A.B. asks: 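Before we start, here is the structure in question, set down as structure tokens.
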Amino acid sequence: MLKNIKTASWFIKNPQYIPQIFQILKRKSNSALENSGIEAVNWCKENCMDQEEALQRMVNTSKPTNLADLYPNEIKQAQMTAQNCPVKMGGEGAITFIYHLVKNSNAKKIIETGVAYGWSSLAILLAIKDDEGACLISNDMPYIKMNNDDYVGCIIPENLKFKWELQRLPDVKGIPLALKKLNNSIDFCHYDSDKSYTGRMWASPLLWKALKKGGLFVADDINDNLAFRHFCESVYRTPVIIEHLGKYVGVVVK
Ligand SMILES: C[S@@+](CC[C@H](N)C(=O)[O-])C[C@H]1O[C@@H](n2cnc3c(N)ncnc32)[C@H](O)[C@@H]1O
């Protein structure tokens, strides 16, 4: 009861995030699929390959250099900023993998959902920093009741921000807005925000529709439930899946 009151008062203080309440309520009608993590993990295990093979297949890159070796100062600085951050958020994901996918697919118009410290944003911005026509729109709503608003994207250095726009909205509002800004035509999408079955099944088709032919759709933590598998089946695609620190990342080409 007290927990519900605290959640309600957080939404009242942060009314821009209220549309997310309706998404959360919708999860109740999907409870079996929301709890399909065990099947999803088994599917990921059966279908995954190592990062090198995945990058070879997707963007014809062999022997990808670690991002920390390519940009040691930027990564060290980001790790220090994250360590000193007073609010603890999610750790760094498959940043080397994301960097090489973006860099070698020559993606220009990029959308990302879910920022937290900004590890995937940093990987994408490093990949596009010298590409004049490229930009990244990231969308994020902070963790409910965690008071982390001021620290979202805190590891992004000032010199990379000229290519970046950070929208602070729930996906239901932020994804359509970002797509509109990019004329409903994108080259690359990294999905790492609402991991629920309901959230993914709402957002994935919308992002897919705007993705250009040959564009890449990357989704993190696809082991959480069967949404990514069901989405791939709905668009008749076989994904490339990699394992990273016990979790799985999936990529599909349009
Ligand atoms: C796993 S973290 C993102 C990590 C980030 N991609 C990285 O590599 O550092 C997920 C982020 O998505 C945000 N998020 C969760 N649900 C969301 C929603 N419905 N709309 C927008 N952001 C959401 C969380 O608050 C959090 O900041």
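Since we're looking at a predicted model, the values are computed, not measured. Whatever order the structure lists them in is the order used to number ligands and atoms, beginning at 1. The first residue in the sequence is number 1, and the count goes up from there.
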A.B. asks: Give a yes-or-no answer on whether the side chains of T198 and E34 include a donor-acceptor pair shorter than 3.5 Å.
C.D. replies: yes
A.B. asks: Just jot down the ligand 1 atoms closer than 4.0 angstrom to any heavy atom of A116, in number order.
C.D. replies: 2 (S), 3 (C), 4 (C), 27 (O)
A.B. asks: For ligand 1, which atoms sit closer than 4.0 Å to a heavy atom of L169?
C.D. replies: 21 (C)
A.B. asks: Could you list which atoms of ligand 1 come closer than 4.0 Å to a heavy atom of P142?
C.D. replies: 25 (O)
A.B. asks: Given F217 and H190, is the ring pair (Phe, Tyr, Trp, His ring centres under 6.0 Å) satisfied, shown in steps?
C.D. replies: CA-CA 6 Å; F217 180 88; H190 181 247; 9.5 Å; no
A.B. asks: Could you check whether R27 and S196, counting side-chain N and O atoms only, form a donor-acceptor pair closer than 3.5 Å?
C.D. replies: yes
A.B. asks: Got a second to check how far I21's CD1 is from K26's NZ, nearest 0.5 Å?
C.D. replies: 13.0 Å
A.B. asks: Polar-atom distance check: D192 versus ligand 1, any N or O pair below 3.5 Å?
C.D. replies: yes
A.B. asks: Taking 4.0 angstrom as the limit and counting only heavy atoms of K195, give me the atoms of ligand 1 inside it, by number and element.
C.D. replies: 1 (C)
A.B. asks: Can an N or O of Y117 be found at a distance shorter than 3.5 Å from an N or O of ligand 1?
C.D. replies: no
A.B. asks: Would one find an N or O of D140, backbone or side chain, under 3.5 Å from an N or O of ligand 1?
C.D. replies: yes
A.B. asks: Picking from V249, I98, D221, what satisfies side-chain contact (heavy atoms from CB on, under 4.5 Å) with D192?
C.D. replies: D221
A.B. asks: At the 4.0 Å heavy-atom cut-off, does G118 count as touching ligand 1?
C.D. replies: yes
A.B. asks: Does any N/O atom on E112 come nearer than 3.5 Å to any N/O atom on ligand 1?
C.D. replies: no
A.B. asks: Output the list of atoms in ligand 1 that are nearer than 4.0 Å to some heavy atom of S120, sorted by atom number.
C.D. replies: 5 (C), 6 (N), 7 (C), 8 (O), 9 (O)
A.B. asks: Does M141, backbone or side chain, put an N or O under 3.5 Å from an N or O of ligand 1?
C.D. replies: yes
A.B. asks: State the atoms of ligand 1, each with its element, that fall below the 4.0 Å cut-off from a heavy-atom position in Q20.
C.D. replies: 19 (N)
A.B. asks: Give yes or no for whether the N/O distance cutoff of 3.5 Å, strictly under, is met between G114 and ligand 1.
C.D. replies: yes
A.B. asks: With the threshold set at 4.0 Å, does a side-chain nitrogen-carboxylate oxygen contact exist between D220 and K247?
C.D. replies: no
A.B. asks: In the protein, which heavy atom is nearest to atom 2 (S) of ligand 1, and how far is it?
C.D. replies: Y143 OH, 3.4 Å
A.B. asks: With a 4.5 Å cut-off on side-chain heavy-atom distances among I, L, V, M, F, W and Y, is there a chain of contacts connecting V152 to W10?
C.D. replies: no
A.B. asks: Indicate whether the side chain of E46 and that of N42 have a donor and an acceptor atom separated by less than 3.5 Å.
C.D. replies: no
